[in-house]
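Okay, structure first, notes after.
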Amino acid sequence: MLQVNYIRENREKVLERLSVRRFKQVELVDEIIQLDDERRQTQTSLDNLSAIANAAAKQIGELMRNGKKEEADSIKAETTANKDKIKQLSEQLSAAELKLQHLLVQLPNLPHELVKTGNTAEENEIIYVHGEPAQIHEGALPHWELTAKYDIIDFELGTKITGAGFPVYKGKGARLQRALINFFLDHATAQGYREVQVPHLVNEASCFGTGQLPDKEGQMYHSTVDNLYLIPTAEVPVTNLYRDVILKEEELPVKNCAYTPCFRREAGSYGAHVRGLNRLHQFDKVELVQIAHPEQSYQVLEGMSVYVQSLLKELGLHYRVLRLCGGDMGFPSAMTYDMEVWSAAQQRWLEVSSVSNFETYQSNRLKLRFKGTSGKTQLAHTLNGSALALPRIVASIIENYQTPEGIRIPQALVKYTGFDLID
RNA sequence: GGAGAGUUGGCAGAGUGGUCGAUUGCGGCAGUCUUGAAAACUGUUGAGUGUAAUAGCUCCGGGGGUUCGAAUCCCUCACUCUCCGCCA
């Protein structure tokens, strides 16, 4: 959520930055400014009346103590007349605040200067490509056939237990999954991230804090009896650890990582692109979350990007890095890098990580601040990135490393799997 | 699931209608003393809004009510703890 004062003072800049997203509702900005003006006027009137009422109440208290009941009664009569006005103004004020909040959450974050104007995925900038497409043999199979052939992931069984998009991992498939999780967690820990284990269900306040609500209501599984949501990403619980927190400046950057399953309804997705592991309702992911000083957050973003790439290199995968254009970025993000790995058998790029700087968009909602040496408290910057999302990594490993003899395991993973071939 | 107790500043913990944004202790910060540190002593120490700076205003779990006036009384919701039951 953008800060109202910033919008008031930088109207032109806000409009200009929003245009990078091709954000259409420009009049929303003016509506916000106008509503805020009204809100401030109401606030001022209310404050002035309250000041009078407070003074009167204090005076009455004093008179009563001194036994001057009659004088007190006459002031009482006076101040009673103001009560209705105060009540009316305070109702007006909370209505304006509610409306303002409602409008503010409709504004996405302002893209960083480097983010290119654009609407769709085709307009994303390719900023780096690593490696070459894996050479796979004649008759190579897509992963959904390989997983059946070697009996390592069972989609039908998952459908029986739950439904489409909830696969069952079996034998070496399950162990590969577990190996990757440990591989990712060990590497993150070595990079100075603290590992945390967090709840997989979160409340409304947490969803609001990171921006899933009210925006992405329909994308989350909702347990209505208890009003809890299954996490769509560890970002939600991990970032919310710091909701309503004031950090010390010297504590920054705060680095946490977590492994969790992620649950997404993916309503409306269908077709060949969602086959096999490409898009699931439940999947595993190791997530990085950092809280950074505003002056350092873009260095932190670059660092996270470099780190994610180092994982892909170790796994020997051909990948590319995109800087998303304005229109393709998520609502709360100011800059996002997507990492995509090449899937040799499907002949397409698969997104395996998304690394974003949210600047103060989340921290403003979270009331996540830090106190500087000057004693001033200000909003911190939040960032997160997948490192990494498992299913597509698994898909590309088994497709790219398939041989007529079986699926080889990338060297770096062998000490985690305990085997080097799936056959 | 049943019964009871509670929710106050970084923490502990007073405060049951009026100079209470809140006694006190611990912690933090600054100073005195010291070669330095500790101890002791002194001062200071919540967040937000607002202003040129003051002032003013808001916040004692959330929401609502009573009252001239609410941390304090009433209603309601949420959460926490204790005991019992059940249980990995």
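So you know, we letter chains A, B, ... as the sequences are listed, proteins then strands, and number each from 1.
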task: Could you check A:I75 against A:E91 and say which one's nearest nucleotide on RNA chain B is further toward the 5' end?
output: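 Result of the comparison: A:E91.
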query: RNA chain B: A:K76 or A:G61, which has the more 5' nearest nucleotide?
result: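 By nearest-heavy-atom nucleotide position, the 5'-most residue is A:G61.
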How many whole angstroms separate atom [atom1] of [X] from atom [atom2] of [N]?
{"X": "A:N364", "N": "B:rG48", "atom1": "CG", "atom2": "C1'", "answer": "13 Å"}
{"X": "A:Q378", "N": "B:rG48", "atom1": "CD", "atom2": "C1'", "answer": "16 Å"}
{"X": "A:N82", "N": "B:rG69", "atom1": "CG", "atom2": "P", "answer": "11 Å"}
{"X": "A:M64", "N": "B:rC68", "atom1": "CE", "atom2": "P", "answer": "11 Å"}
{"X": "A:N48", "N": "B:rG50", "atom1": "CG", "atom2": "P", "answer": "14 Å"}

Does any nucleotide pair with [N] by Watson-Crick or G-U wobble geometry, both distances under 3.5 Å, and what is it?
{"N": "B:rG61", "answer": "B:rC77"}
{"N": "B:rG17", "answer": "none"}
{"N": "B:rA37", "answer": "none"}
{"N": "B:rA71", "answer": "none"}
{"N": "B:rC83", "answer": "B:rG2"}
{"N": "B:rU42", "answer": "B:rA30"}

Between [N] and [M], how many Å separate the two [atom1] atoms, rounded to a whole number?
{"N": "B:rA78", "M": "B:rG63", "atom1": "P", "answer": "15 Å"}
{"N": "B:rU8", "M": "B:rG62", "atom1": "C1'", "answer": "15 Å"}
{"N": "B:rG2", "M": "B:rA22", "atom1": "P", "answer": "42 Å"}
{"N": "B:rA71", "M": "B:rG21", "atom1": "P", "answer": "8 Å"}
{"N": "B:rG48", "M": "B:rG43", "atom1": "C1'", "answer": "26 Å"}
{"N": "B:rG65", "M": "B:rC60", "atom1": "P", "answer": "15 Å"}
{"N": "B:rC41", "M": "B:rC74", "atom1": "P", "answer": "42 Å"}
{"N": "B:rU34", "M": "B:rA53", "atom1": "P", "answer": "42 Å"}

query: Just how far is it from atom SG of A:C325 to atom CZ of A:R21, taken to the nearest 0.5 Å?
result: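 One finds 10.0 Å between SG of A:C325 and CZ of A:R21.
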query: Could you state the interatomic distance from CE (A:M339) to CG (A:L322), rounded to the nearest 0.5 Å?
result: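 One finds 9.0 Å between CE of A:M339 and CG of A:L322.
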- prompt: Which part of the nucleic acid, if any, lies within reach of A:A51 when heavy atoms closer than 4.0 Å are counted: base, sugar-phosphate only, or nothing?
  reply: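 Result for A:A51 = sugar-phosphate.
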message: Tell me if the aromatic rings of A:Y298 and A:H381 count as close, with their centers under 6.0 Å from one another.
response: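 That pair fails the under 6.0 Å test.
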query: Is the distance between the ring centroids of A:H281 and A:F263 under 6.0 Å?
result: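 No, ring centres 6.0 Å or more apart.
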message: Please check this pair: side chain of A:T233 against backbone of A:E235, looking for a donor-acceptor N/O pair closer than 3.5 Å.
response: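 Yes: the side chain of A:T233 pairs with the backbone of A:E235.
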OP1 or OP2 of [N] less than 4.0 angstrom from a side-chain nitrogen or oxygen of [X], does that happen here?
{"X": "A:K87", "N": "B:rG65", "answer": "yes"}
{"X": "A:K83", "N": "B:rG69", "answer": "yes"}
{"X": "A:R369", "N": "B:rG48", "answer": "yes"}
{"X": "A:T377", "N": "B:rG48", "answer": "yes"}

- prompt: Would a 4.5 Å heavy-atom cut-off, applied to side chains only, mark A:L247 and A:Y242 as touching?
  reply: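 Yes, their side chains come closer than 4.5 Å.
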Options [options], nucleotide nearest the side-chain atoms of [X]:
{"X": "A:A57", "options": "B:rG18, B:rA47, B:rC57", "value": "B:rG18"}
{"X": "A:K371", "options": "B:rC68, B:rC57, B:rG46", "value": "B:rG46"}
{"X": "A:I60", "options": "B:rG50, B:rC68, B:rU58", "value": "B:rC68"}
{"X": "A:S50", "options": "B:rG18, B:rU58, B:rA47", "value": "B:rU58"}
{"X": "A:R40", "options": "B:rU51, B:rC57, B:rA47", "value": "B:rU51"}

message: Pairing donors with acceptors under 3.5 angstrom, does anything connect the side chains of A:S305 and A:Q309?
response: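 Indeed, the side chains of A:S305 and A:Q309 share at least one donor-acceptor pair under 3.5 Å.
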